[in-house]
Chemist: 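Can you read through this structure? Questions will come right after.
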2 protein chains.
Amino acid sequence: MPNDTCHCILLRKASRKVSSYYDEALAPLGVNIGQFSLLRNINRLAPISLTDLAVQVELDRSTVGRNAKVLERMGLVAIGHGEDQREAMLTVAPQGHAILKQGAPLWDGVQDDIEARLGAEKTRQLQELLAAL
Amino acid sequence: MPNDTCHCILLRKASRKVSSYYDEALAPLGVNIGQFSLLRNINRLAPISLTDLAVQVELDRSTVGRNAKVLERMGLVAIGHGEDQREAMLTVAPQGHAILKQGAPLWDGVQDDIEARLGAEKTRQLQELLAAL
DNA sequence: GCATGGAGCGGGTATATACCCGCGGTTCGA
DNA sequence: TCGAACCGCGGGTATATACCCGCTCCATGC
(Lines give C-alpha, C1' and ligand atoms only; values in the text may rest on other atoms or scores of the structure.)
Protein backbone atom coordinates (compact mmCIF):
# COMPACT_ATOMS: atom_id res chain seq x y z
CA MET A 1 0.00 0.00 0.00
CA PRO A 2 1.84 3.11 -1.16
CA ASN A 3 2.24 5.73 1.49
CA ASP A 4 0.98 8.48 -0.77
CA THR A 5 -2.59 7.19 -0.52
CA CYS A 6 -2.79 7.71 3.24
CA HIS A 7 -5.84 9.90 3.71
CA CYS A 8 -4.36 11.41 6.80
CA ILE A 9 -1.05 12.41 5.27
CA LEU A 10 -2.75 13.78 2.17
CA LEU A 11 -5.07 15.82 4.35
CA ARG A 12 -2.18 17.18 6.37
CA LYS A 13 -0.27 18.13 3.26
CA ALA A 14 -3.29 19.83 1.77
CA SER A 15 -3.95 21.55 5.06
CA ARG A 16 -0.42 22.95 5.25
CA LYS A 17 -0.47 24.05 1.64
CA VAL A 18 -3.84 25.74 1.75
CA SER A 19 -2.99 27.38 5.07
CA SER A 20 0.03 28.93 3.41
CA TYR A 21 -2.18 30.47 0.71
CA TYR A 22 -4.25 32.27 3.32
CA ASP A 23 -1.21 33.10 5.42
CA GLU A 24 0.50 34.81 2.49
CA ALA A 25 -2.58 36.85 1.69
CA LEU A 26 -2.97 37.96 5.31
CA ALA A 27 0.74 38.53 5.89
CA PRO A 28 0.50 42.33 5.33
CA LEU A 29 -1.77 42.46 8.38
CA GLY A 30 0.63 40.50 10.54
CA VAL A 31 -1.82 37.70 11.28
CA ASN A 32 -2.10 34.15 9.97
CA ILE A 33 -5.27 32.32 9.00
CA GLY A 34 -5.60 30.63 12.35
CA GLN A 35 -5.46 33.92 14.16
CA PHE A 36 -7.76 35.63 11.69
CA SER A 37 -10.31 32.86 11.93
CA LEU A 38 -10.17 32.88 15.71
CA LEU A 39 -10.62 36.65 15.69
CA ARG A 40 -13.69 36.25 13.47
CA ASN A 41 -15.13 33.70 15.83
CA ILE A 42 -14.50 35.88 18.84
CA ASN A 43 -16.16 38.77 17.04
CA ARG A 44 -19.14 36.64 16.08
CA LEU A 45 -19.65 35.24 19.58
CA ALA A 46 -18.33 37.99 21.84
CA PRO A 47 -18.32 38.15 24.72
CA ILE A 48 -17.44 34.48 25.05
CA SER A 49 -15.45 32.40 27.52
CA LEU A 50 -12.42 30.35 26.56
CA THR A 51 -14.24 27.10 27.21
CA ASP A 52 -17.23 28.01 25.07
CA LEU A 53 -15.01 29.32 22.29
CA ALA A 54 -13.00 26.11 22.33
CA VAL A 55 -16.20 24.11 21.88
CA GLN A 56 -17.25 26.33 18.98
CA VAL A 57 -13.98 26.10 17.09
CA GLU A 58 -13.41 22.45 18.02
CA LEU A 59 -10.00 22.98 19.55
CA ASP A 60 -8.61 22.15 22.95
CA ARG A 61 -9.32 24.82 25.54
CA SER A 62 -5.68 25.28 26.38
CA THR A 63 -4.90 25.74 22.68
CA VAL A 64 -7.53 28.44 22.36
CA GLY A 65 -6.23 30.04 25.53
CA ARG A 66 -2.69 30.25 24.20
CA ASN A 67 -3.81 31.45 20.77
CA ALA A 68 -6.02 34.08 22.37
CA LYS A 69 -3.09 35.25 24.46
CA VAL A 70 -1.11 35.89 21.28
CA LEU A 71 -3.99 37.96 19.91
CA GLU A 72 -4.10 39.84 23.20
CA ARG A 73 -0.38 40.62 22.99
CA MET A 74 -1.02 41.94 19.48
CA GLY A 75 -3.69 44.23 20.89
CA LEU A 76 -6.45 42.64 18.79
CA VAL A 77 -8.39 40.98 21.58
CA ALA A 78 -9.27 41.98 25.13
CA ILE A 79 -9.38 39.31 27.80
CA GLY A 80 -11.58 40.36 30.68
CA HIS A 81 -13.60 38.66 33.38
CA GLY A 82 -17.25 37.72 33.48
CA GLU A 83 -19.45 37.73 36.56
CA ASP A 84 -17.97 34.36 37.36
CA GLN A 85 -14.44 35.27 38.43
CA ARG A 86 -13.11 32.09 36.87
CA GLU A 87 -14.25 32.95 33.38
CA ALA A 88 -11.96 34.74 30.93
CA MET A 89 -14.34 36.63 28.65
CA LEU A 90 -13.01 37.48 25.20
CA THR A 91 -13.94 40.51 23.14
CA VAL A 92 -12.42 42.07 20.02
CA ALA A 93 -10.38 45.23 20.63
CA PRO A 94 -10.69 48.25 18.30
CA GLN A 95 -7.46 47.29 16.57
CA GLY A 96 -8.92 43.84 16.09
CA HIS A 97 -11.96 45.27 14.35
CA ALA A 98 -9.62 47.09 11.97
CA ILE A 99 -7.86 43.83 11.16
CA LEU A 100 -11.18 42.11 10.56
CA LYS A 101 -12.19 44.85 8.15
CA GLN A 102 -8.90 44.90 6.28
CA GLY A 103 -8.59 41.14 6.24
CA ALA A 104 -12.04 40.41 4.84
CA PRO A 105 -11.23 41.24 1.21
CA LEU A 106 -7.89 39.43 1.43
CA TRP A 107 -9.63 36.35 2.77
CA ASP A 108 -12.30 36.62 0.08
CA GLY A 109 -9.59 36.74 -2.55
CA VAL A 110 -8.02 33.45 -1.53
CA GLN A 111 -11.38 31.84 -1.07
CA ASP A 112 -12.44 32.94 -4.56
CA ASP A 113 -9.14 31.79 -6.08
CA ILE A 114 -9.60 28.33 -4.66
CA GLU A 115 -13.19 28.07 -5.78
CA ALA A 116 -12.28 29.33 -9.24
CA ARG A 117 -9.54 26.74 -9.49
CA LEU A 118 -11.77 23.89 -8.37
CA GLY A 119 -15.01 24.97 -9.97
CA ALA A 120 -18.37 25.14 -8.24
CA GLU A 121 -19.12 21.43 -8.32
CA LYS A 122 -15.80 20.33 -6.86
CA THR A 123 -15.94 23.06 -4.27
CA ARG A 124 -19.22 21.64 -3.13
CA GLN A 125 -17.77 18.14 -3.10
CA LEU A 126 -14.84 19.30 -1.03
CA GLN A 127 -17.02 20.87 1.65
CA GLU A 128 -19.18 17.79 1.72
CA LEU A 129 -16.25 15.40 1.99
CA LEU A 130 -14.48 17.34 4.70
CA ALA A 131 -17.66 17.41 6.72
CA ALA A 132 -18.15 13.68 6.22
CA LEU A 133 -14.75 12.71 7.56
CA MET B 1 -19.50 35.07 4.53
CA PRO B 2 -19.86 32.55 7.34
CA ASN B 3 -16.61 31.43 8.84
CA ASP B 4 -17.54 27.78 8.61
CA THR B 5 -17.09 27.77 4.86
CA CYS B 6 -13.40 28.68 5.03
CA HIS B 7 -11.68 25.94 3.07
CA CYS B 8 -8.58 26.31 5.14
CA ILE B 9 -10.26 25.96 8.50
CA LEU B 10 -12.36 23.04 7.31
CA LEU B 11 -9.24 21.32 6.04
CA ARG B 12 -7.45 21.88 9.31
CA LYS B 13 -10.37 20.53 11.29
CA ALA B 14 -10.63 17.47 9.07
CA SER B 15 -6.89 17.00 9.28
CA ARG B 16 -6.89 17.05 13.07
CA LYS B 17 -9.85 14.74 13.29
CA VAL B 18 -8.57 12.18 10.81
CA SER B 19 -5.11 12.32 12.37
CA SER B 20 -6.68 11.37 15.67
CA TYR B 21 -8.26 8.27 14.07
CA TYR B 22 -4.85 7.01 12.97
CA ASP B 23 -3.22 8.11 16.20
CA GLU B 24 -5.67 6.10 18.26
CA ALA B 25 -5.16 3.01 16.17
CA LEU B 26 -1.37 3.27 16.40
CA ALA B 27 -1.34 4.24 20.08
CA PRO B 28 -0.55 0.67 21.27
CA LEU B 29 2.73 0.94 19.37
CA GLY B 30 3.64 4.26 20.97
CA VAL B 31 3.84 6.14 17.67
CA ASN B 32 1.52 8.62 16.00
CA ILE B 33 0.59 8.76 12.33
CA GLY B 34 3.20 11.40 11.54
CA GLN B 35 5.94 9.27 13.01
CA PHE B 36 4.63 6.09 11.42
CA SER B 37 4.40 7.71 8.02
CA LEU B 38 7.89 9.17 8.33
CA LEU B 39 9.20 5.76 9.33
CA ARG B 40 7.60 4.24 6.26
CA ASN B 41 9.20 6.83 4.05
CA ILE B 42 12.59 6.31 5.60
CA ASN B 43 12.19 2.56 5.08
CA ARG B 44 11.14 3.06 1.47
CA LEU B 45 14.00 5.41 0.63
CA ALA B 46 16.76 4.32 3.03
CA PRO B 47 19.47 5.28 3.21
CA ILE B 48 18.41 8.87 2.65
CA SER B 49 19.64 12.27 3.81
CA LEU B 50 17.51 14.70 5.78
CA THR B 51 17.37 17.13 2.89
CA ASP B 52 16.22 14.52 0.38
CA LEU B 53 13.69 13.11 2.80
CA ALA B 54 12.31 16.57 3.44
CA VAL B 55 11.79 17.04 -0.29
CA GLN B 56 10.04 13.68 -0.56
CA VAL B 57 7.62 14.28 2.29
CA GLU B 58 7.16 17.97 1.47
CA LEU B 59 8.12 19.20 4.90
CA ASP B 60 10.74 21.67 6.03
CA ARG B 61 14.16 20.10 6.50
CA SER B 62 14.42 21.24 10.08
CA THR B 63 11.02 19.72 10.81
CA VAL B 64 12.10 16.39 9.39
CA GLY B 65 15.32 16.61 11.35
CA ARG B 66 13.51 17.13 14.64
CA ASN B 67 10.95 14.44 13.90
CA ALA B 68 13.70 12.02 12.94
CA LYS B 69 15.48 12.79 16.19
CA VAL B 70 12.40 11.70 18.11
CA LEU B 71 12.34 8.43 16.18
CA GLU B 72 16.02 8.00 16.95
CA ARG B 73 15.39 8.50 20.68
CA MET B 74 12.71 5.84 20.42
CA GLY B 75 15.25 3.48 18.88
CA LEU B 76 13.30 3.15 15.63
CA VAL B 77 15.68 4.98 13.34
CA ALA B 78 19.46 5.15 13.08
CA ILE B 79 21.07 8.44 12.08
CA GLY B 80 24.52 7.84 10.59
CA HIS B 81 26.81 9.66 8.20
CA GLY B 82 27.24 9.28 4.47
CA GLU B 83 30.48 9.73 2.55
CA ASP B 84 29.84 13.42 2.66
CA GLN B 85 30.51 14.19 6.32
CA ARG B 86 27.77 16.78 6.27
CA GLU B 87 25.02 14.36 5.40
CA ALA B 88 22.93 12.66 8.08
CA MET B 89 21.90 9.37 6.49
CA LEU B 90 18.74 7.81 7.90
CA THR B 91 17.98 4.11 8.10
CA VAL B 92 15.34 2.11 9.94
CA ALA B 93 16.59 0.29 13.05
CA PRO B 94 15.48 -3.30 13.80
CA GLN B 95 12.97 -2.04 16.34
CA GLY B 96 11.66 0.26 13.65
CA HIS B 97 11.07 -2.64 11.31
CA ALA B 98 9.06 -4.32 14.04
CA ILE B 99 6.90 -1.23 14.39
CA LEU B 100 6.39 -1.08 10.64
CA LYS B 101 5.23 -4.68 10.63
CA GLN B 102 2.92 -4.34 13.61
CA GLY B 103 1.59 -1.01 12.46
CA ALA B 104 0.67 -2.04 8.92
CA PRO B 105 -2.56 -3.86 9.82
CA LEU B 106 -3.56 -1.10 12.23
CA TRP B 107 -3.02 1.49 9.52
CA ASP B 108 -4.95 -0.65 7.02
CA GLY B 109 -7.82 -0.84 9.46
CA VAL B 110 -8.26 2.92 9.70
CA GLN B 111 -7.76 3.35 6.00
CA ASP B 112 -10.42 0.75 5.27
CA ASP B 113 -12.81 2.26 7.80
CA ILE B 114 -12.57 5.62 6.15
CA GLU B 115 -13.04 4.21 2.67
CA ALA B 116 -15.98 2.14 3.83
CA ARG B 117 -17.57 5.19 5.37
CA LEU B 118 -17.08 7.33 2.29
CA GLY B 119 -17.61 4.71 -0.38
CA ALA B 120 -15.32 4.09 -3.34
CA GLU B 121 -16.49 7.02 -5.43
CA LYS B 122 -16.12 9.63 -2.73
CA THR B 123 -12.79 8.20 -1.68
CA ARG B 124 -11.59 8.77 -5.21
CA GLN B 125 -13.02 12.29 -5.18
CA LEU B 126 -11.24 13.04 -1.94
CA GLN B 127 -7.84 11.97 -3.22
CA GLU B 128 -8.42 13.95 -6.40
CA LEU B 129 -9.51 17.09 -4.58
CA LEU B 130 -6.69 17.03 -2.07
CA ALA B 131 -4.19 16.67 -4.89
CA ALA B 132 -5.82 19.55 -6.78
CA LEU B 133 -5.54 22.02 -3.91
C1' DG C 1 -21.80 28.76 57.48
C1' DC C 2 -18.86 25.49 56.04
C1' DA C 3 -17.01 21.51 53.59
C1' DT C 4 -16.97 19.06 49.32
C1' DG C 5 -17.29 18.45 44.56
C1' DG C 6 -17.17 20.45 40.20
C1' DA C 7 -16.03 24.02 36.77
C1' DG C 8 -12.68 27.32 34.42
C1' DC C 9 -8.01 28.37 33.68
C1' DG C 10 -2.94 28.63 33.50
C1' DG C 11 1.06 26.35 32.83
C1' DG C 12 4.13 22.17 32.09
C1' DT C 13 5.39 19.00 28.63
C1' DA C 14 5.56 17.00 24.11
C1' DT C 15 5.11 16.87 19.18
C1' DA C 16 4.44 19.34 14.63
C1' DT C 17 5.73 22.89 11.73
C1' DA C 18 8.23 26.83 9.53
C1' DC C 19 11.79 30.39 8.97
C1' DC C 20 16.27 32.10 9.79
C1' DC C 21 21.13 32.05 11.18
C1' DG C 22 25.53 30.28 11.95
C1' DC C 23 28.91 26.46 11.81
C1' DG C 24 31.42 23.28 9.45
C1' DG C 25 32.43 20.41 5.46
C1' DT C 26 32.98 20.32 0.09
C1' DT C 27 34.21 21.86 -4.18
C1' DC C 28 35.95 24.51 -7.60
C1' DG C 29 38.22 28.27 -9.74
C1' DA C 30 42.34 31.18 -9.72
C1' DT D 1 46.93 24.95 -3.01
C1' DC D 2 44.06 27.97 -1.05
C1' DG D 3 40.32 30.99 -0.50
C1' DA D 4 35.39 31.71 -1.90
C1' DA D 5 31.08 30.00 -2.86
C1' DC D 6 28.01 26.62 -1.76
C1' DC D 7 25.65 22.88 0.63
C1' DG D 8 23.87 20.15 4.81
C1' DC D 9 22.64 20.53 9.45
C1' DG D 10 21.66 21.97 14.19
C1' DG D 11 19.56 25.07 16.98
C1' DG D 12 16.90 29.42 18.18
C1' DT D 13 12.38 31.27 17.96
C1' DA D 14 7.48 31.30 17.20
C1' DT D 15 2.99 29.38 16.53
C1' DA D 16 -0.26 25.31 16.65
C1' DT D 17 -1.99 21.59 19.06
C1' DA D 18 -3.15 18.21 22.75
C1' DC D 19 -3.12 16.12 27.37
C1' DC D 20 -2.59 16.44 32.19
C1' DC D 21 -2.12 18.67 36.71
C1' DG D 22 -2.96 21.91 40.09
C1' DC D 23 -5.06 26.31 41.62
C1' DT D 24 -8.90 29.06 42.38
C1' DC D 25 -13.55 30.03 42.46
C1' DC D 26 -18.40 28.71 42.69
C1' DA D 27 -22.59 26.19 44.12
C1' DT D 28 -24.84 22.94 46.78
C1' DG D 29 -25.91 19.92 50.60
C1' DC D 30 -25.75 19.51 55.40
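Computed from a predicted model, the values in this text were never measured in an experiment. By convention in this document, chain letters (A, B, ...) are assigned in the order of the sequence lines, proteins followed by strands, and residues within each chain are numbered from 1.
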Chemist: Nearest whole Å is fine: how far is D:dG8 P from B:Asp52 CG?
Modeler: 8 Å
Chemist: What is the distance, rounded to the nearest whole Å, between atom CD1 of B:Ile9 and atom C1' of D:dA16?
Modeler: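 Distance check: B:Ile9 CD1 to D:dA16 C1' gives 11 Å.
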Chemist: Nearest-Å distance, CD (B:Glu58) to C1' (C:dA16)?
Modeler: 16 Å
Chemist: Check this one for me: any side-chain N or O of A:Arg86 less than 4.0 Å away from OP1 or OP2 of D:dA27?
Modeler: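 For A:Arg86, the contact criterion (side-chain N or O under 4.0 Å from OP1 or OP2 of D:dA27) is not met.
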Chemist: Using only atom types and a distance under 3.5 Å, with no angle test, would you say the side chain of A:Tyr22 pairs donor to acceptor with the backbone of A:Phe36?
Modeler: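 Not a single qualifying donor-acceptor pair exists.
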Chemist: Report yes if a side-chain nitrogen or oxygen of A:Arg12 is closer than 4.0 Å to either non-bridging phosphate oxygen (OP1 or OP2) of C:dT17; otherwise report no.
Modeler: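 Answer is yes, contact under 4.0 Å.
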Chemist: Within the pair B:Thr51 and D:dC9, is there a side-chain N or O less than 4.0 Å away from OP1 or OP2?
Modeler: yes
Chemist: If I take atom CG in residue B:Leu50 and atom C1' in nucleotide D:dC7, what distance separates them, rounded to the nearest angstrom?
Modeler: 13 Å
Chemist: For C:dT17, take OP1 and OP2 only and decide whether either is under 4.0 Å from a side-chain N or O of A:Arg16.
Modeler: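 Checking A:Arg16 against C:dT17: at least one side-chain N or O falls below 4.0 Å of OP1 or OP2.
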Chemist: Quick one: on DNA chain C, does B:Met74 or B:Leu59 contact a more 5' nucleotide (nearest heavy atom)?
Modeler: B:Met74
Chemist: B:Asp23 has an atom CG; how far is it from atom P of C:dA14, in whole Å?
Modeler: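 Spelled out: CG on B:Asp23 to P on C:dA14 is 17 Å.
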Chemist: Can you check the A:Asp60 CG to C:dC9 P distance for me, whole Å?
Modeler: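 A:Asp60 atom CG is separated from C:dC9 atom P by 12 Å.
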Chemist: If the cut-off is 4.0 Å, is A:Thr63 near the phosphate of D:dA18, judged by side-chain N/O to OP1 or OP2?
Modeler: yes
Chemist: Between B:Lys122 and A:Glu128, is there a salt bridge with N-O shorter than 4.0 Å?
Modeler: yes
Chemist: Taking the side chain as every heavy atom from C-beta outward, state whether B:Ser37 and B:Trp107 have any atom pair closer than 4.5 Å.
Modeler: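 Heavy-atom side-chain distance check fails, nothing below 4.5 Å.
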Chemist: Check every strand shown and say whether B:Arg61 touches a base, only sugar-phosphate, or nothing at a heavy-atom separation below 4.0 Å.
Modeler: base
Chemist: I need the CD-P distance between A:Glu87 and C:dC9, as an integer number of Å.
Modeler: 6 Å
Chemist: Pick base, sugar-phosphate or nothing for A:Asp84, based on heavy-atom distances below 4.0 Å to the nucleic acid.
Modeler: sugar-phosphate
Chemist: Could you check which of C:dT17, D:dC9, D:dC19 has an atom nearest any side-chain atom of A:Ser62?
Modeler: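 Looking only at side-chain atoms, A:Ser62 lies closest to D:dC19.
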Chemist: Calculate the interatomic distance between A:Gln85 atom CD and D:dA27 atom C1'; express it in whole Å.
Modeler: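 Rounded to whole Å, this separation is 15 Å.
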Chemist: Sub-3.5 Å donor-acceptor pair from the side chain of B:Asp23 to the main-chain atoms of B:Ile33, do we have one?
Modeler: yes
Chemist: Kindly indicate whether the side chain of A:Ile99, heavy atoms from C-beta on, has any atom under 4.5 Å from the side chain of A:Val31.
Modeler: yes
Chemist: Can you see if the side chain of A:Asn32 gets near the phosphate of D:dT15 - specifically, an N or O under 4.0 Å from OP1 or OP2?
Modeler: no
Chemist: What nucleic acid atoms does A:Ser20 come within less than 4.0 Å of, heavy atoms only: base, sugar-phosphate, or nothing?
Modeler: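 Counting heavy atoms under 4.0 Å across all strands, no contact is made by A:Ser20.
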Chemist: With a 4.0 Å limit, can you tell me whether B:Asn67 has a side-chain N or O closer than that to the phosphate oxygens OP1/OP2 of C:dT15?
Modeler: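 Looking at the OP1 and OP2 atoms of C:dT15, neither is under 4.0 Å from any side-chain N or O of B:Asn67.
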